[in-house]
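Following: one structure in structure tokens, then a few remarks.
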Number of protein chains: 2
Amino acid sequence: MAVILPFSPKPLPGDPPPSLPALREACANCQLRELCLPLGLAEADLDRLEGLVGGRRKVARGQALFQSGDSFRGLYAVRSGFFKTVVASEGGRAQVTGFQMAGELLGLDGIGGDRHACDAIALEDSQVCEIAYADLERITHDLPPLAHQFHRILSREIVRDQGVMLMLGRMSAEERVAAFLLNLSQRLQARGYAAQALRLRMTREEIGSYLGLSLETVSRTFSKLQDEGLLRVQQRELKLLDLAALRQRVEACG
Amino acid sequence: MAVILPFSPKPLPGDPPPSLPALREACANCQLRELCLPLGLAEADLDRLEGLVGGRRKVARGQALFQSGDSFRGLYAVRSGFFKTVVASEGGRAQVTGFQMAGELLGLDGIGGDRHACDAIALEDSQVCEIAYADLERITHDLPPLAHQFHRILSREIVRDQGVMLMLGRMSAEERVAAFLLNLSQRLQARGYAAQALRLRMTREEIGSYLGLSLETVSRTFSKLQDEGLLRVQQRELKLLDLAALRQRVEACG
DNA sequence: CGGAGGATTGACCCGTTTCAACTACCGTGG
DNA sequence: CCACGGTAGTTGAAACGGGTCAATCCTCCG
């Protein structure tokens, strides 16, 4: 899911002094600009957006950006790095509900209950832009198109989740893995990376958790698709050799 | 998920003539009042809310309130009756993603893409209150607490979906069925019905689709739980004889 | 009263899980 | 620089849960 929200970072403590012009251009220079800038928002509103972003925050690999039960403060846009979100049941069972890459949003789950409903864990050293929810409410009030954009983001997340449900409920292991890889590929492509070559940021176990499969089944399915010439696996380095064929595997869903 | 939104119906064509006072009190008299009225909204704002609801609409059993691909016009609050939402993949595979009862919202999936991403089918003759999205945007702008409330609703839907994912990814057939029944029971109870006795509005096949199981497995699981004394099944009439034990089945998720 | 759709139950089969052994890789410290 | 240990990944064999197919029953409604 490509996130469309006006997020941009303020300089980190170590960065050059935040001269006003620099701040002013933070969003404009942000690599995530196309991903973050809402459609149809006037350039003149950019400075309003600058004020929205409370700060940048680093999250080391393995660390939690927030955890289930943490009181909700605001949203986070991934600026660099890679995250997973994990929900846990009372019984201690856990499931990965999503992977987030640059430009995608974290924390939407927290609005409803004033505390977060899942853990957000960095899978590599990452940076996020933070935005206090109170600020977001204020600016969406002042800029109605932004409110609309925000509703769209929330709605798209709901639609995305429904797609995951369909996958978990109806697809075979091979179809799930193929769908997962195609989704990753497509999101990477949207960020300017090659669609065929990708480095997995997560373990087989995390993939399996997301797909509702055991880590062994994920591994076996990779091997099988490799044997059939659809891709090449080398640890976490993947080459998707036949995107069309992968697509067929998924669409053969009837 | 209890929906908290200010929806109320205008009279149907067959209803007594819509005198202004009647309209004025439509929301106030609505049976869904506690479910729909946003927390902390001033009574004085009630008349604003009245104007929000574009109309009531009847949907006969088996008919679609909207279908995937329909252009998005607005949201619907179930006033009476029962719905299912179904997402379909290109390959023709379909999955029930949820069941909606009185007071719950339909159509949130449409905001993101300007067209609906699922079908909403009435499982019995139903009525919904319709609200045009444009009106909703206007009123949430004028009443910030309402905007907040709306965000909460969207966020809760995301959290709900994550719960379903966990169920589909990690739970056994028995756990899924138990969780499903407890969820139904809880929602019925919130509406003033008994928590133990319920009439299923959907077929075994629809339950199975929602739970990622075959209809036969659903049936077998009902029988098994009945044999163990946890419930009594008679076609679509259910008695939950031991809620605590059912809860244990679900929570034994580790 | 009869038919059709829904529900139940049984038998069998298959995909996935589980358990287990083994291998590859990476970072660390000697 | 290499040896080592731990983590991640692969692969095999066996067990099992749930799916599929099929027969039967129920019951609601025309």
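Heavy-atom basis, side chains included; hydrogens, waters and symmetry copies ignored. Order of the sequence lines sets the chain letters (A, B, ...), proteins ahead of strands, with each chain counted from 1.
Mapping A:Glu216 and A:Glu174 onto DNA chain C via the closest heavy atom, the residue that lands nearer the 5' end is A:Glu174. For the pair A:Gly212 and B:Arg236, nearest-nucleotide mapping onto DNA chain C gives the more 5' position to B:Arg236.
Shown here is A:Glu205, whose CD atom has no more than 12 heavy atoms of other residues, nucleotides or ligands within 6.0 Å.
Looking at heavy-atom distances under 4.0 Å, B:Val218 makes no contact with the nucleic acid at all. The residue A:Ser214 sits close to a base: some heavy atom pair falls under 4.0 Å. Nucleic acid contact class of A:Thr203 (heavy atoms, under 4.0 Å, all strands): sugar-phosphate only. If you check every strand for non-hydrogen atoms under 4.0 Å, A:Gly208 touches nothing.
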Checklist entry - Step by step, would you call B:Arg160 with B:Glu104 a salt bridge (charged side-chain N to carboxylate O under 4.0 Å, His left out)? => result CA-CA 13 Å; B:Arg160 186 194 76 86; B:Glu104 297 179 333; over 6 Å; no

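When the P atom of C:dT16 is taken as reference, atom CZ of B:Arg170 falls 15 Å away, rounded to whole Å. The distance between atom CG of A:Leu215 and atom C1' of C:dT16, rounded to the nearest whole Å, is 13 Å. The CG-C1' distance, from A:Leu211 to C:dG15, rounds to 16 Å in whole Å. In this structure, CG of B:Leu200 is placed 13 Å from C1' of C:dG6, rounded to the nearest angstrom. Straight-line distance from the CG atom of B:Asp227 to the P atom of C:dT8: 12 Å, rounded to whole Å. Rounded to an integer number of Å, the gap from CZ of A:Arg204 to P of C:dC25 is 12 Å.
First and last contacts of DNA chain D with chain B, using any nucleotide atom under 4.0 Å from a protein heavy atom and ordered 5' to 3', fall at D:dG18 to D:dT27.
In the set C:dT17, C:dT9, C:dA7, C:dT17 carries the atom at the smallest distance from any side-chain atom of A:Leu213. Nearest nucleotide to the side chain of B:Ser223, out of C:dT8, C:dT16, C:dC25: C:dT8.
The shortest non-hydrogen separation linking A:Leu168 to A:Gly212 is CD2-N, 3.7 Å. Residue B:Arg170 comes nearest to A:Ala94 through the heavy atom pair CD-O, 3.1 Å, listed as atom of the first residue, atom of the second, then distance. Shortest non-hydrogen contact noted between A:Thr217 and A:Ala173 is CG2-CB, 3.7 Å. Here the shortest heavy-atom pairing between A:Tyr210 and A:Gln95 reads O-NE2, 3.6 Å.
Side-chain contact between A:Leu123 and A:Arg61: absent, with no pair of heavy atoms (C-beta onward) separated by less than 4.5 Å. Residues A:Phe222 and A:Leu181 meet the side-chain proximity criterion, which asks for heavy atoms closer than 4.5 Å.
Without hydrogens or angle criteria, B:Glu130 side chain to B:Tyr76 main chain gives no donor-acceptor distance under 3.5 Å.
With hydrogens and angles ignored, a donor-acceptor pair closer than 3.5 Å exists between the side chain of A:Arg220 and the base of C:dT18.
Outside the 6.0 Å centre-distance limit, the rings of A:Phe83 and A:Phe99 are not counted as a close aromatic pair.
Inter-axis angle, ends of the helix from C:dC1-D:dG30 to C:dG30-D:dC1, five pairs per end, rounded to 10 degrees: 40°.
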